[in-house]
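The structure appears below as structure tokens.
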Amino acid sequence: MKTKFILTAMCLPLAFAACTNEDVLVENPNVLEDRPVVDFKVAATYGAEGTESRMVNDNGTFLWENTDVLGAVWNKASAIYSNNKFVNTLTAASASADFTTQATTVVGDYVFYYPYNTDVTKDLASGIVYSLPEPQEYDPTGDKMMNNNFMISPNIKVDGNEPGELTLPLTMRSIYGYGVLNVKLPDVFVINSTNVSSVNIQKIIIEYTSNVYKDGKIDISKVPVVDLSADHIADLMADDDDYDQDAILTNDEEEALVGKTEAQVKAAIFKAADKLLVASADEYSDGEILDLTSGANYIEQVSIACVTSKNPNGVALAKGKTFSTRVLLPTTAETGSDIRVTVYTDKGYFVVLDTNLTPVRIKANHTANLANLNRDVNGDSEFILDGSTVQNITNINAISESDFIASIKSLPANATPSVVVGDFSLTPAAVAAIPATVTPTFTSAVTFEGDMTLKNMTFSDAVSLKSGKIVLGTDLTATTINVDGAEAT
């Protein structure tokens, strides 16, 4: 039987973000052959309590845009066989939208995720892959945070024999926690006996003392299953004293469904599945849903880049004003982690939070105001910079080229900083930004890109030239220079 399915997707507090209509992912497509075809229509709406997404911000309400896309993976025995793309046809931003796919969808089990990405199923044997961007960007509205978010639904089992239209009220759950970070410059702000009227915030570093996961996989075998097959629903409605038929319902919950309508039974199953998904989400770092046995990459910090093309000097913060940003936070294990927050400015850096060996738990789907994590803050909603605690920037751990430029330009004359650069290249603009009297030592491997002259610097690790031409100038010390086919003189 060919049945139309209407999927009602709700994203709970701080949900969704988004981006071939079908990727067939198996070498043996026979798994999908000869299965009845079904039509899915996704009627997606937003829940209450400040639900957010990547969508347009309409006076605090986040709306769907026509560029928002859902993904649905067909799975069997925890392996993934297809990755379907669901799009909408909105002509204007809206609080609800219908999503459809041009792909062929067959009966079986589907996990929905958001946002759609062709890479999420690149490793079929172990589940849906995800990756947290590093660094994240300054994000006062939460839009960028939702761009980077990753959410999943329960695993929905349909058999194509359901009578009429089937409404699936999907509730999507994030695998991340949501951070709120507010920093205030007091009305009187003094550094080294000098009144300072403003600072430029260049970056914020959130350090975890225990490793957390940047990349990983969703273990589909651990995702709660919503069984909507007609026989299963009928069994739950029947008075046969067999109250152990559904894996996600308790015996009492099953008994309460006897004599209920089909709609009531389905609603109860979805409610139970969401409850389990939330409980599992709270334990993401303990491996309840995430497959952390292979392929997971650890990080020790989350970075917020405030030096961008829009704010080349960082985000200006004047006296009496408050800087605010949102950030996705990797979840911690149940035992928690010490967390340290450092704010870097053009006037120096400030350690505004150190939980002082009191582990803090970061849960998925929960919002955490970082200023409230420390028991000594007494409920304050913002960090207040204290000029007496400022520390001079003597070394640079750059999270982007823009951050390197801003940081090295802030150094005093005759500084000799130790420099670590991340996974990015330095262009002529970065080299030109190094003050004439500053002599950096690059302690990590560094890659240059473009035509430039290198002088008055030391390299204690490998130097590579991605493209262009390097002229080796005066007072240059390096262990090795690998030009990778480019030119160095």
Is the backbone N or O of Tyr116 less than 3.5 Å from a side-chain atom of Asn83, with the two atoms forming a donor-acceptor pair by type? no
Will you find, in the side chains of Asp386 and Ser388, an N or O donor that is under 3.5 Å from an N or O acceptor? yes
Does atom CG (Asp423) have a neighbourhood of more than 12 heavy atoms from anything else shown, all under 6.0 Å? no
Should Pro417 and Thr441 count as side-chain neighbours, where that means a heavy-atom distance under 4.5 Å? no
Quick check: does any side chain N or O of Thr345 sit under 3.5 Å from a backbone N or O of Lys347, one acting as donor and the other as acceptor? yes
State, with a plain yes or no, whether a side-chain heavy atom of Thr416 is found less than 4.5 Å away from one of Asn414. no
For Asn392, does the CG atom have more than 12 heavy-atom neighbours from other residues, nucleotides or ligands under 6.0 Å away? no
So, Lys203 and Asp403, do they make that salt bridge, N to O below 4.0 Å? yes
Please tell me whether Ser381 and Asn182 have a donor and an acceptor in their side chains that are separated by less than 3.5 angstrom. no
Thr209 side chain to Asp338 main-chain N or O, any donor-acceptor pair under 3.5 Å? yes
Residue pair Asp346 / Ser410, side-chain donor-acceptor N/O under 3.5 Å: no
Check: Phe323 ring centroid to Tyr138 ring centroid under 6.0 Å: yes
How about Lys319: does its NZ atom have over 12 heavy atoms from other parts shown lying under 6.0 Å from it? yes
Under 3.5 Å donor-acceptor, Asp451 side chain and Lys469 backbone: yes
Tyr208 side chain to Pro330 backbone, donor-acceptor under 3.5 Å: yes
Return yes if some donor-acceptor pair links the side-chain N/O of Asp109 with the main-chain N/O of Asn155 below 3.5 Å, else return no. no
Between Asp139 and Arg326, is the salt bridge (charged side-chain N to carboxylate O under 4.0 Å, His left out) condition met? List the steps. CA-CA 5 Å; Asp139 184 18; Arg326 308 296 297 270; over 6 Å; no
If you measure only the distance, is there a donor-acceptor pair under 3.5 Å linking the side chains of Asp68 and Asn88? no
Would you find a donor on one side and an acceptor on the other, under 3.5 Å apart, between the side chain of Asn395 and the backbone of Ser418? yes
Assess the side chains of Gln301 and Ser303: does a donor N or O sit below 3.5 Å from an acceptor N or O? yes
Side-chain donor/acceptor of Thr447 to backbone N/O of Leu465, under 3.5 Å: no
How about Gln202 and Tyr344: does a side-chain donor come under 3.5 Å of a side-chain acceptor? no
